[in-house]
Each structure stands twice: as structure tokens, then as C-alpha cells.
Amino acid sequence: MDSNGPGNGQNGALITLSGIKKVFFTDEVETHALSDVHLDVKKGEYVAISGPSGCGKTTLLSILGLLDTPTDGEYVLDGEQVARLSPMARARVRNRQIGFIFQAFNLIGDLTVAENIELPLTYREMAANERRDRVARALERVGMSHRAKHFPAQLSGGQQQRVAVARAVAGDPAILLADEPTGNLDSKNGEAVMELLSELHQHGATICMVTHDSRYAHYADREVSLFDGRVADAAVV
Amino acid sequence: MSSLRNDVRFGLRMFVKNPFFTAMVVGTLAIGIGLNTAVFSAIDAILLRPLPGVERPAEIVQLYRSYSSGMKFGSNSVPHYFDVRDRSTDVFTGAALWSFENLSVGASERPQRVFGQMVSANYFSVLGARAALGRTFLPEEDTGRGAHAVAVLSDAGWHTLFGGDSTVVGRTVPVNGRSVVIVGVTRPEFRGVMPMVDPVLFMPLMQYDQVRPGRRAVFERRGNNSHSIVARLRPGVTPRRAQARLTALVEQLKTEYPDDYRDTGINLVRQSDAGTHPIMRSAEVGLSAVIMAVVAVLLLIACVNVANLFLARARDRAREMAVRLSLGAQRHALLRQLLVESLIFALAAGVVGLLVAAWAISLANQITLPMDIDFRPDLRLNPSVLAFTLLVTVVTALIFGVAPAWQATRPDLVPALKGEAPAGQSRSRMRSGLVVAQMALSIILLVCAGLFLVNLKSATTANKGFISEHRLTASLDPGLQGYTRAQSEEFYRRLGERLRANPGVEAVGMVDQLPLGLGENDRGVQIPGYVPAPNENMSLFTGDAMPGYFDAMGMPIIAGRTFTAQDDSAAVPVLVINQAFADRFWRGQPAVGKIVHTAGKDRTVIGVVPTGKYFRLGEDPSPFMWMAVAQHWNSGLTVVVHVKADPTAFIPTLRAEVRALDANMPLTSVKTLDQHLGIALLPARLAGTVLGVFGLIGLLLASVGVYGVMSYSVTQRTREIGIRMAIGASQSQVVTLIMRQGLTLVLIGVAIGMAGAFGASRLLKSVLYGGQSLDPLTFSLVPLLLVGVAALATWIPSKRAAQVDPMHALRYD
Ligand SMILES: Nc1ncnc2c1ncn2[C@@H]1O[C@H](COP(=O)(O)OP(=O)(O)OP(=O)(O)O)[C@@H](O)[C@H]1O
Ligand SMILES: [Mg+2]
């Protein structure tokens, strides 16, 4: 299943988080990063998550992206309970349903632009010619076709982030997760990446984006504010 | 699978990315793989390789005489062979006889003494060896004593004696003074049944009387056991069935020749189990196992080093792995990717390792034994050795690849993706564990090496019962030149006279065989009034000596006298014995005057000398008896000259004196007695040198390992060190901090290694001379040396740590 499945959760939501808790235990200190978070994201929705530093935004996104497991609570993604899957099944869901965009780009320096984009498809064991087509299409979507053979170090920050976006969308994930995608960029490049995300959204992509910057929050349909590990309010923009 | 192709492509990129890293990895592993390959090639040559140039070697078996006293691999006599050959045709397609024989061949102007073989004429057909030139022996050459003055050259003999001349077939050459026609040359790969020793020439058994005139009646005496039998099983006949047939044959022979076959049997051993000789088999297997274990440990140390390098890199690549995982890579896919990378490094190391092995093999092939035989170890990189190398390479890749890959593929995802340095606690624990393991392994190696070196020293200085300094020795055999016994005796008498007349000469003597060569002779004895226990070994070491021999060897006389010219064939037969002989049979009584029945006569003990070493340096005190050459004739003797000055300086004089008596007399094995001792010391010397070199390589690898780990740790801790210095730590405090970290690991490793070394030394006890396995010097010096070297390896990076500029360290993030 490579394309967005039908949003067949409760209320037709693509994502349903209920009662999510995350506690970090370090040196006998418990940090309650998330306490009782409820969140629905509908298919095709663009949600911005904001809040002060340390309120749990990255933690929430990691749980949404199955990079981390909640201490407690339910997570239904596309009709499937995913909160307590095996590592293998989680890797599979990450690979097929989720596209990540990081603040630090996180391209692999020893792979070319095209190879970076191809990577999630390789892990899906997709046929080589189909991979090639998809990489070409993703490159075109972000306007980086002419740089396919370059290595990340040979690109500007904005270009690197566009490649990262291409990598995230190449596999047609159900949802794109972006953690401060503009954090390492100047405002001009930041705007460009935001435009790119909007464009993807207009073509039907579901996006969850963490941002400090209230300017960028306006690109989203809806803004979710986190405060001290709880959803403070949800406003439709 | 195309993603495998991606893994390979990425692996190759990683391989060329950091040339220094790659060189370190490939170099370290290549040493380990190369040494393992070289050692395996030796094992292959000695223990595994089928006989070269022999058809269907699996069908070949060796036949030995066995005795109820426990001796299972005795030689055979010629009459015995004839019976076996003629009466076992239902289980063997053929049985052939062979023995080594010293031959004097006059291919050029002066005759040369060479190592040849007397073989039954069917020898080549039984082995399935064809001629490269001319022919091998014909069936009719197995009948008619003295009627076939022909010889077949080996490929080696063809080249050394005739320079590979293609017209050699049909030429006539003198062999032991009689003309012989060369009828053929064997193929280069064929080297007989003992391939390590290359025969130069093959002569038919029927010529025995011509080659060895006056030798004991080989064709008649069933007890004259000095030949080997090799046979080929008929297709479909199992060794078991053939053995059963031979056992039945012995029963028949027992009724026909009750005296000769009492308490004996025939023992069939497959060629693949016999190897060089079944007697040496267990020693060969044991020594091979020790050396193989040693090089395996070296490879393990190399792997540990490389694993550490990869772990350091894994830490740097944690982010890459986290990204891959976030994109949905399954862990096994990442493991595969990393193992493909390891394999690429290992394969490169395997290729370089083959070069190392080829070099080591060429060194080993140059080893010559201080002996009179053409010893060719003939180590090769043949397909089975190459297969071994490939196997070792793959196993190596797994050993050094798995731990780092396991670590690398489970980074802490979220911090790694944030670009933060991972905590790395467990990773550094694993690296520390590897350093400890490495130290422990090299302690074990070095202690073993030290034990062997101490062993070499005590073997060198052991009391051998004679003095080896200032002695020159050389062998000759007038019998091979056609001399009669009387002529030979006269020749030896005059040679002794001429040599003694030299002002630089103290004493001269002759003996049939020097002690501590590779051979020994033993002979059954009966002592009047002594009743041996059942199965008591009554076959004792023996030799034939001329008057002056004991003097020349510096053997003092404890009681009685030694031989004089009056002890000749007409006089009362006499014996000189050693103290161990006297103690065994006449403890507490004077031995002089006692009677010993041996070699067909009652012989009177006339003198006693101190007990020495005769066969091996490690042997227990053993009885020995000498007969007078004049009373037990032997034409081939070794001359011992005791000179005042440097014995090598006397060589020209010795040669001149022999030439003055007979210009055509070949003089062989000209060497000092010290050089001769090299034979006996060879095992200890080889083991000591090899283990010493391996131990040092191990120490070097382990130090590089410690250095690498500590350097990396310092790099990782730069920021921490900067902070410490910013808040007032002194340079020496920083050095102490890092040194303490490093030396703690080293000391733990040393402690574990010492425990292992004690265990290893117990295993070595049996192979060490005198069983001295807990040498205190070795056990204290080795750890000191190791700690010293390791301290240096830690000190260099800690010095660098103390040079950290706090401002710089804090600014860079
Ligand atoms: N691995 C961890 N171990 C312990 N505590 C953690 C860990 N990760 C996050 N925390 C804590 O959880 C809380 C939430 O952290 P999180 O990274 O989600 O914040 P954030 O909202 O993304 O902040 P920022 O805007 O600064 O990125 C913080 O108090 C943080 O200290
Ligand atoms: Mg954050």
C-alpha cells in the first residue's frame, strides 16, 4: 500500500492519539515530557504544533513517527493500533506511512542526492526501475533534478532541505512529519521550504509540522499549542 | 537483489573514503590472514596434501611391522616383502618396497654423494607414476640379482646432476663405483612416498649387492628390517578387509617362520593417515595445532584492533544509522550493509594477506636442515590453501564486523537525529572490553614465546655427555668407492694417523653415527642372569666406534678403558657402555667385566662413560653401548677431529688429507659438531623463533590497539578536557586522568592474560625441554614489558590531551 489509505479511524481521522503519556527516567529523575495528549489529524490536514522550548514538541513528533514509544496511551494510524508494535513492524510503518523532515536535514553525506532519495524505497525492496522513476519524480517536485549526482556537502542548506523533502515524499507516505524544518535556514530559504510544503499540502499531503515561528504556523490549517506536555488549545487558522 | 548491489557500491565508497583508516584495517588484517595462510600451507604440505604425482592417492596404504612391545610402525625386511607381495594379490593391485640409500654418483669429474632410493621394480607402476623421459623400471627388473644395472633419475636429480640435459637417457654413470645406465627421468611432481625429501636417483632393489657390497644379507635375513612397503588397494577393497587379509597372512608366516614372527604382526596405515611417518604424526599434529592456535590468536588480536577501529567509526556514523532507521530500514538490512562493508575490507586484506603469505612461504621454503638430505618443504599456495584463506577472510570479516555493526545499528534514535553526540556508554564499554581481551591474548602469546626461548637456552646448555666446541666432523664411506673391508680399514687407519700428525689436532676418532642426529640404531641385548619383565624393552641404543672416538668427543672414562687397536676382529669382542646401562643392569656392582649378548656374540664390558643425550635432547637418561668397529664392521663412518683452534679453519686441511689418500673419495656432511647440534636444537630453535616473532607481532598489534582506543577516547573527550582545564586542572592532572583510564584497562588485561598464560604453560609442559614451564623470569618480565609498552601507547595520547587549548575546545561544538 503505497498511497494514502482511506481515513477510516474514528471520526475519519488519519491519526488518533488518546491519552498519550511519555515519561523519561534518567538518574532517578522522572521527566514528564507528555501527559495525557489527545490529538486527531484528518487525512489531508496540515497541522502546526507550537509551544515553548522543552514543552514536548519533538517528543510528540517522535511518537507520531514511531521513533519512540509512548509510556502510556493509544495511537491509531490509518486504522491500525501502532503504539505497541514490534521493532520490525514499526520500521515497516515508518518506511511506508511516514515521511520525516528534520531541522538538521539529516542527509547521508556519503550518498548522492539521488541515492538519499532512493534510500527509503530500497528498504521497501522496490524494483530498481520503479525506484528510478520515483526518485526522478520526487526530484522534479522539489526542483532539484539537476543536482541528482551531487553529494549533500556540495549543496546549500536550503537545497539540502529540499532534497530531504524529496526523500520524505518519494515513498508517498500517509503523513509528513517535519520538526522545525526551517530552523537551520535563513528566512529566504525558510520561506521557500514552507512554500514547498504548502504546495505538497495542496496536492493532498497530510502534514504535521513543529515550529517555534508563528509566521510559519499560518501556513497550516490548524495550530496545536503544547504547554508543559499538554495540548493547551487547538485553533483553526 | 539490487539493494545488495547498493550495499556493495556503498561499501566500496566507504573503502576508498578514508585511505588512512583503510590502510590501518587492511594492513592489520593482512598480517593476521597472511600468517594463518602461511602456517596452513605448511600444515597442508606436511599433513594434508595427497602424495604429489601419484595416481588415486586414496588407494595407497603403508605396511609396517608391529610388535607386542607396543612398537606399531616398524620397518620391513626384503624376504618379508616378497611374501607380502606374492600372497596378498587378492587385496592389493601391487605392493612395492623402497628405502633411502646414500649413493655416490659420478656424473661430473668428481663423484657426489646423493640421497637415492632402492626400489622394487614395480614401485612406479604401483604408485602410478610415469616417466617424463625414457621409461621407469620394467617388471623383469624385479628378478635376477645384479642383472639390471639401470637407474631412473628424479626430476631434481636430472637437473642437479645433469643440468636437465635431454640426452641423458642411455648415458652411463658410475654409481658407487659401478656403471649404471640411466633409463628414464620421472615427472617433476613425483617425489616418491616421502615428498619432503627429494630422492635424486632410483635403483632397482635387485642391484642391492652391487650398490652395497658386503652388506648384511638383505635378501635372506627376515630380521633385517630397513625398508618400507607401500601398496595399492584393489578397487572396492576397504583398508579393514586388507588388514584382515594381512593378519591371516601373518598367521601363516608364523607357522612357516616361528622365530621371525613371534610377537609380531603387520599394521596397515592409509597413506593419508601416515603422512611423513606415523611415528612423527602425533608430534606433527601437536606442533601444527600449537602454531595454528598461535597464529589464530594473532589474527584474533588483529580482528580486535580492527573491530575497535570500526567501533570508533560506528560512533561517528551513529547519525547515518539513525537516519536510515528513521526511513524505515529494518535492522537486519543495516547489519547486512555493514557486514558487506566489513567483507570488502576483509577481502582486500585477504588479497594483501596472500602477498604476506607468499613472502613468508618463500622464506620457509629456503629453510635447510643441517643434515645430509635434500629437504624440500615445498609449501605452496595451492587451491586448498586458497580456499582456507577465503574461509579465514570471511570468518575474520564476521569477527571484526559483527560487534561494531550490532552496536551501530541500535543508536539512540531521537538524540542522534537531533545531531547530538550519542551517550555511547555501552559502546565505550565494548571498546574497553576489546582492549582488555587484546592485552590478555598478547600476554599469553608472549609468555609462551618466553617459555620457548628459555627452553632453547636450557636445551643448548644441557649436559649432552660430550663437548661440541672445537670439533670438526665429516662423513665418508670407502665401501661406496668399491673398497674391500681390509682396504677400508687401512684407509681409516692411515687417515687417523695423518690427521693426528697435524700440530693443531688434539684427538681423532670415528663413529658410525654422531649422537643427536636424526637417526638412532638400537639392538636387542641379553644379559646373563638378568630376567626382563614382560614387555620390557631390551632393544638399546647402540653405535660402532673406533679407538680415539671417546677422546675426540671429550667423553671421560669413568671405569675401565676405551677401545684400542688391539680390540680387532680376532680379539675378544668388547663393549663400552654408559652409566645408565650399568645402572640398569648392575646397579651397585662394577660393570667392567660383565657380559652382554648382542649382535650375535657375547661381548665383554671394558669401560663405562657418563650418560649423555643420544636421540633427543629431551630424552630420559638412556642406556647406550658401543661396539668396536673392527668387531662389528661398518664402512660408512663419521670422523670427529678435536682441534685446538677454530674448527672451520681446519676444513681445508681435512679435505687435503683425505684427498692425499684418495682423490676420488667423496667427503660429505663436513660441519662442526656445534653445527651438527643444530639438528637437535632445530625444534626448540624453530619454536622459540617463531613464537618470539609472533609474540612481538602480537605485542605490536596490541599496543597499536591501545594507542588507537586511547587516541579516540581523547578526541571524544576534548571538550570535557577543555572544561576541566578551564576550571583549573593542570596538564599533569590531565595526563594522569587519561593514563589512569588506559592503564586500568591494561592492568585488567594483564591480570586475565596471566591467568591464561598459566593455563597455556601447563599445556606446553609436555613439549618443553625438562618440563620447565613456570619460568619465573618469563612470568615477571613479560607483564612488565607489556605494561611498559602499553603505558607508552597511553602516554602519547594523554600528552596530546594535555595540549588541548581550553578556549578552542570549548568554542568548537
Ligand atoms: N531522551 C530524553 N531523556 C530525558 N529527558 C528528555 C529526553 N528527551 C527529551 N527530554 C525532556 O522532555 C522534555 C521535552 O523535550 P522535547 O525535546 O520534546 O522538547 P521540545 O518541545 O522539542 O523543545 P525545543 O523547542 O527546545 O526543541 C524536555 O523537558 C526534555 O528535557
Ligand atoms: Mg525540539
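Values reported hereafter were calculated over all heavy atoms of this structure, with side chains retained and with hydrogens, waters and symmetry mates removed. Because the structure is a prediction, the values reported are computed rather than measured.
Heavy atoms of R167(A) lying under 4.5 Å from chain B belong exclusively to its side chain. Within the 4.5 angstrom heavy-atom criterion, atoms from both the backbone and the side chain of R324(B) approach chain A. Residue contact with chain B, scored on non-hydrogen atoms closer than 4.5 Å, involves the side chain of I108(A) exclusively. In this structure, chain B has a heavy atom under 4.5 Å from the side chain of D68(A), while its backbone stays farther away. Interface remark: L111(A) contributes backbone and side-chain atoms alike to the contact with chain B (heavy atom separation under 4.5 Å).
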Practice prompt. Just do the side-chain contact (heavy atoms from CB on, under 4.5 Å) check on F105(A) and N184(A) with the steps written out, would you?
Written response: CA-CA 9 Å; F105(A) 320 142; N184(A) 285 10; 4.0 Å; yes
D7(B) and Q337(B): side chain to side chain donor-acceptor pair (under 3.5 Å), yes or no, with the steps? CA-CA 5 Å; D7(B) 287 349; Q337(B) 179 205 322; 5.7 Å; no
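Annotation: cation-pi geometry satisfied between K22(A) and F24(A) (NZ/CZ under 6.0 angstrom from ring centroid, within 45° of ring axis).
Each of V210(A), V82(A), L177(A), T59(A) was checked for a side chain to side chain contact (heavy atoms under 4.5 Å, CB included) with L64(A), and the lone residue meeting it is L177(A).
Q161(A) and N189(A) share no donor-acceptor pair across their side chains, judged by distance under 3.5 Å alone.
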